[in-house]
Amino acid sequence: MANLTGLLFAGGLGFMLLSIASGLDFGAPPMLVGSEIQAQAPQQTGAVNIVTSVVLGYRAIDTLGELSILFAAAVSAGLVLGRRHTTAGTQSRGGFILQCGGSLLFPLMMTIGFYIIFHGHLTPGGGFQGGVILAAAFFLPLLARPGAKLHHQSLSLIEGFAGASFILIGLLAMLEGKAFLQPMLIQDTLGQLISAGTLPLLYLAVGLKVGAELASLLSRLIQTEAPQ
Amino acid sequence: MTSAVTPELILYITAIGLITIGLAGVVMSSHLFRMVLALVIAEAGANLMLVLAGYRWDAVAPILTSLAEPAAMVDPVPQALVLTAIVIGVGIQALAVSILIRIHQRYATLDRREAAERMDAEIAATLGVPRDISQEEPLGERPLPPLPADRANMRGDSP
Amino acid sequence: MSTNLVLTIALPLLGAFLLPVLMRSSVAIALWSGPAILIYGCWILAELWLSGFTQPVSIAIGGFAPPLGINLYVDSLALLFAFAVQLLGLIFWPFTLDRESARRQSLMLLLVAASSGLALSGDLFNLYVFYELAAVATFGLASASGSSAAYVATLRYLILSGIGSVLTLFGIALIYSQTGTLNLAHLAQLAPQQLNNGLGLAAFLTILIGIGVKAELFPVNTWVPEIYATASTRLSAFLAGLLSKLALLIILRLLLLIFHQPEAAQVILILGILGVISGELAAWRAKEMKRMLAFSSIGQLGMIFIAMSLPDGKGMVAVIALALHHLVVKSGLFMLAEDWGGAIQRLRGSAKASPLGAALFVLFSLSLVGMPPLPGFWAKFVLITELAGQVEPLYLLGLAVFLLATVVEASYLFRVAAILYGNPAEETLGEEIPKSQGLALLSASLFGAGLVATALLIAPVGESLQAIAAQALDIDLYIGTVSPVISGGSQ
Amino acid sequence: MILTLLDELLLFSGATLLVALFIGRGLAAGWMVTILYAGQLLVLLKMAVLGYEGGSIASSLSLEVMGQAMSWRFDALSWFFALITIGSALLSSWFSCGAWERSYIRQGGNIWLFHTAMALNVFTMLILLASGDLLSLFIGWELVSWAGFLLMALAGGVATKAAMRYITYALAGGMAVFGGLALIHTASGSLQLDAVVSAVEQMGSGKLWLLVILFGGGFGVKMGLMPFHLWQAPAYAETPGPGSAFLGAISSRMGLFAILLVLVKLFGIVNIDSLKVPFTLIDARDLLAWIAVFTIILPTFTAMKQNDARHLLAWHGIGQGGYMLLGIVVADAMGGAGGLLHVFNHATYQAALFMAVTAVIYRTGTSDLNKLGGLVVRMPLSFMVLLIGIIGLAGLPPMNGFVSKWLVYRSLLNQGMPLLFLAAVIGTLGTILSVYKLIHNIFLGQLRVEHEHVNEAPWSMMIPMLLLSAIIFITGLMPGIPLEWVASALRTVGLPVPDYTLGGVESASGSLDMIWVIGVLFAGFGIGAVVFYSAGRSKRVHQLDNYAGGHFLSADVRYQYSDNFYAGLMHLIGGWYRGSFLWLERGITSLVEFLSLGMQGLYRRANAEFYLLTTALFVIAWVVI
């Protein structure tokens, strides 16, 4: 009965929301802010990828907040799971192909990850996407050899310093008399790898942080799987 | 609603449909892990809704390809927003899963009702109060205390 | 000067990131870095306040002028709450030292940063981000007590909060689709033309329900008794005292700046009335302190929602007064509950063991009930005079419910007071009577002292409250300060 | 800044509170506090011009909070009530010093808290009496309520329960007043008295009805008006002896003061008279009068049933409040004067009665009417005090209660209200019957073995009692003394003033001169005494020097029973109203409990997501549709 009510209510709500959303002018958004940003972003941030200039420039503090959320989730997960480390050594190791494949893929994925991070201001992608690939690179060997342990110490070091450097870059701008997180070192060669001032640095920080965060989260989950 | 189903309607139906499925899933499932999954679905719907907000017909991704004559580009802001929203969602899901693992270890069940029951019992036990809420006397004396029978006469039980 | 305000968000975040690393090298530095950051934050804000802060300022982050970039909007109200965030963060700082203290303190710093962001931010989506950050930090801290019940409670809270976020996000998407901007000031400019319709209202209501989860809005507040009963008292105090108010502040800003529809106010009014009824009545039967406080907090927030629903910002002074009052009183009460958790009956005779604690309890209760010279009375007085001035019968219903709820409230609070001052029952004579002591009692005394000081200085406090309210109500001032201008290039 | 007399009074009272607070633990503290009360009385007497000539004295303290101005001032009405307050506090405090204090401490009482609570009560009452606008009135009102709670609760145990019950009632009343205040503020834009008066002029009858109900009900709770009277008797009776004397004398009268100020002075009896109860012939004023009459009758007959002297007196306190309200509601010269004069008179004899009972408790350790008797031979002075007190309470000459009740009866007859008159007389009948039970069961009849060696109460207790007795008699002999104050107070609230003389009142429909009445009465006593003693037939014997049914009596035989007094009468009237108000009270409690259970269930069995979904559905549906 409750289930049926729930279903009906959810359906009703969906219908209502739809009827509201259908009042929107799809495909022709007002783009008040959007088009302004499109017009100014190249000059103000030097990034060709306008999404990047939004993520790291115009809405950089959102990104900082989001990094913090990821960090908070990782710390919380550590708090929840970290009390009793169950050794995962009892689990069977992956097969030969999986292990070899994992080891083989590791450098490749690292490369791709960093590539995506460094080209974040030029092409689709960036710190988040690259960071996820980095995390996957670390995670893959873990899947292949469940007994292997990630080095949590260094992961948390990367976590901490990458996050801190994001903020420190922002504070550096303040020291120079600019606003917090204001992009610096604006140059004029749009579209080059070395361009867009501090944005690639920020993206590097983001990428490292996301990678470390996800890797540590995943490894925690895998390591505590065995029930006592 | 008599007009043909337009593409935008399909997109909106997808987004809102995902939200609806998620909501219904959260309400209806009796398993905590399924609730988390339903939440993930609902989040996906909301994210889709967000990204739809910036869509333009006949426009390209917001990346400058040639400086000379910028083509019409879709709104970059929702894309940035959705990037943020997705990562937020991932964080929350990861945390949810780690808590789920713990609950499963402690209670050996992920049934929503059972877990709630046991939580209730545990809270009551920790706080040292009786648990049942229906048959107990209220806490302490009532603000308007009933008169004990032996003293009723003395303290005046009429008007 | 005012640009330093960013530091109240940035420094706690920096501290949070570095704390686990620092803890590894030097425990002492790590232990003190958190409080040091918070003290510095307090100092920044206090200095700004004392250096003659009168006009609100807008701080563009990243140097991008709003509405392109995100801005912090700082008026007296925001400043007040930002200060409260740092101060309460300091008071409720998890000082305990164990293996997990780095994580706990790190989360606390994140919570403080998020709360500061909630108080200051002037961008809708940015508010959402900080809201989520606060939520995740809360989940972590709530589950940190490590009991199984805490895990279940946290998960239930997480799922509820997650759905709330989905709805909020949906509302934000609606607003962005309609207007193309997220800046509050810009939205305030555009709202009369673009959001004064069913769509705007629907967007507001979805956001209201989403953010209402944290603001303890009826009926999305069922997590409250569970979390407050399982989480550490300090966290509960922070959540009940501060975070709920910050969520409320967001709703208030949205309501004032953007959504002027009477229907929006009406929904808030109805939910507020229901919140008062359900919270106060449920508290009447609670058998132990923390849950009693949790339910009472639901009721109190319902009262604030009632005040918020008054048209044309008439309830503004009442909202601020009630919110600040509840902030102080509930925090103090939770601090007392730290040592007085568990069944209330167990506390029989505690007044002898800890007279100061019992006296503080009575003081807080009196103020909560609205005993005249105490600040609680003035907050309630402002509210009911405004309520009585409304012609709509629903508001008068709200008034009646408010008054009756106060009677119920007094009844259960003073039942506890009577137990505190009663003589220990025969059967429990051998047991140790819980004592209120140490840091918790000190913090509670701090709140008590604040309450008494406010009671003595009520006239100037009232004036400044009115000034704050007037400033917060001034939409033109808000828009003018942020001055969101689209220079050109629109399609 | 120059201190006005009112400032001095309030400061003095505050100082008393501080002294009690800080050195209240010392044994001399009681005397110190008593002296300070005397000081307060002196300051009050310096303001006596108010009581004789009217006018007002403002306090130099005034506040403005959130746009609300507050001021404090004293006028004749405040002065009259303040006189009773401080007077009863002085005598009660005096009574408590020395012997009683020592025994109280021996029994584990907290004397510091007692003195503090008393001083706090006096201080808050003075603040209430001094209120110069409705906001300060409400502040004073709440302060008095909570101060009263402190005094009532300090005995612990049963007293705490009674006090809890009191505070729930009092807060409900307070909230009614609070609501009324908000409505008035809306109508007049301010809470200043003159603004309120002009706002009332323009108010529709519906709104005025609401206000009368809110204020009448709210203030009525404190007075113990039906049906809000249940809390009062246990709360007052369980307070430590001198405290109950003080509370019984003045505490409930604060409600009357507030009713006088708001309903009579601000709203005006004429306006209240114009409010018709729909579908009936009566109006709001009749309604008040009938409430007053029922408040006289029912509690009085309840008092008759009590077996504890303190409870018996406390129930009477409720009933006597009805006379005061009745007189004021009649609102002619005689009625108003009678009602107000009764406040003074009641305070004097009620304090005396409570003190006498406390003296008996002090000596015998009990106030159970079934365990006492024959104490007249051991405590003759206390007996005298009690006798004088009950004569006053019953409203018989030559004591002061007669004068005020006579005035009320007279006004009822003058105004052509025979039914009310009849009802009031029934109340007096009940009073006489029950006070006879009081004095008989304590002082008359057989002395109990265990009380064979009881002594008269110590002088520290006796002197205040005798003083009060003297006041009861003197103001009975010369009611003109208090009538002069009453007249000024009546003028302040805008009621007509009777033509008073030293011995009573002059009026066309019938005058009263107590000096003559008492002269004749005593002449009659004199003749009786002459006859009695000149006949010389009497012989003084020990009470056991007697025999009944052919047996000589011995001390261990109970030959005289006092329990189940008035059994026949009780049987006759008991069934009519037994417990009906108690049921009401319990019903409300159960309702709250039931609702509370439901609400807890709502949160406990929470399907939070479902709530969220439902709410979202409904609010969105509301928008869409």
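Throughout, protein chains are lettered first and strands after them, A, B, ... in sequence-line order, and every chain is numbered starting at 1.
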Within the supplied structure, the quantity of interest is the number of heavy atoms (other residues, nucleotides, ligands) at a distance under 6.0 Å from B:Tyr55 OH; does it exceed 12?
yes

In Å and rounded to the nearest 0.5 Å, what is the CD1 to CD1 distance from B:Ile92 to C:Ile159?
11.5 Å

In terms of heavy-atom pairs under 4.5 Å with chain C, which of B:Ala46, B:Gly91, B:Gly89 leads?
B:Ala46

For residues B:Ala115 and C:Val152, report the shortest heavy-atom separation together with the two atoms involved.
O-CG1, 3.9 Å

If one checks every heavy atom of B:Ile88 against chain C at 4.5 Å, the contacting part turns out to be side chain

Looking at CG of B:Leu52 and OH of C:Tyr176, how far apart are the two atoms once the value is rounded to the nearest 0.5 Å?
13.5 Å

Heavy-atom distance under 4.5 Å to chain B: side chain of C:Leu133, backbone, both or neither?
neither

Against chain B, work out which of C:Tyr128, C:Phe170, C:Phe125, C:Phe139 has the most heavy-atom pairs shorter than 4.5 Å and name it.
C:Phe125

Atom group of C:Ser147 that falls short of 4.5 Å from chain B, counting heavy atoms
both

Taking atom OG1 of C:Thr230 and atom CD of B:Glu122, what is their separation to the nearest 0.5 Å?
9.5 Å

In terms of heavy-atom proximity below 4.5 Å to chain B, should C:Phe414 be classed as side chain, backbone, both, or neither?
neither

What's the separation between atom CD1 in B:Ile123 and atom CD in C:Glu288, rounded to the nearest 0.5 Å?
8.5 Å

Just to be sure I understand the criterion: a residue of residues 22-31 of chain B counts if one of its heavy atoms is under 4.5 Å from a heavy atom of chain C. Which ones qualify?
B:Leu23, B:Val26

Checking B:Arg102 against C:Leu155 for the side chain to side chain contact (heavy atoms under 4.5 Å, CB included) test, could you report, in this order, the C-alpha distance in whole Å, the side-chain angles of both residues, the deciding distance, and whether it holds?
CA-CA 11 Å; B:Arg102 269 291 171 217; C:Leu155 190 73; over 6 Å; no

How long is the gap from CG on C:Leu169 to CD on B:Glu43, to the nearest 0.5 Å?
8.5 Å

Select, from C:Ala173, C:Ser148, C:Ser177, the one with the greatest count of heavy-atom pairs under 4.5 Å involving chain B.
C:Ser148

Nearest-0.5 Å distance that lies between atom CZ in C:Arg156 and atom CZ in B:Arg112
7.5 Å

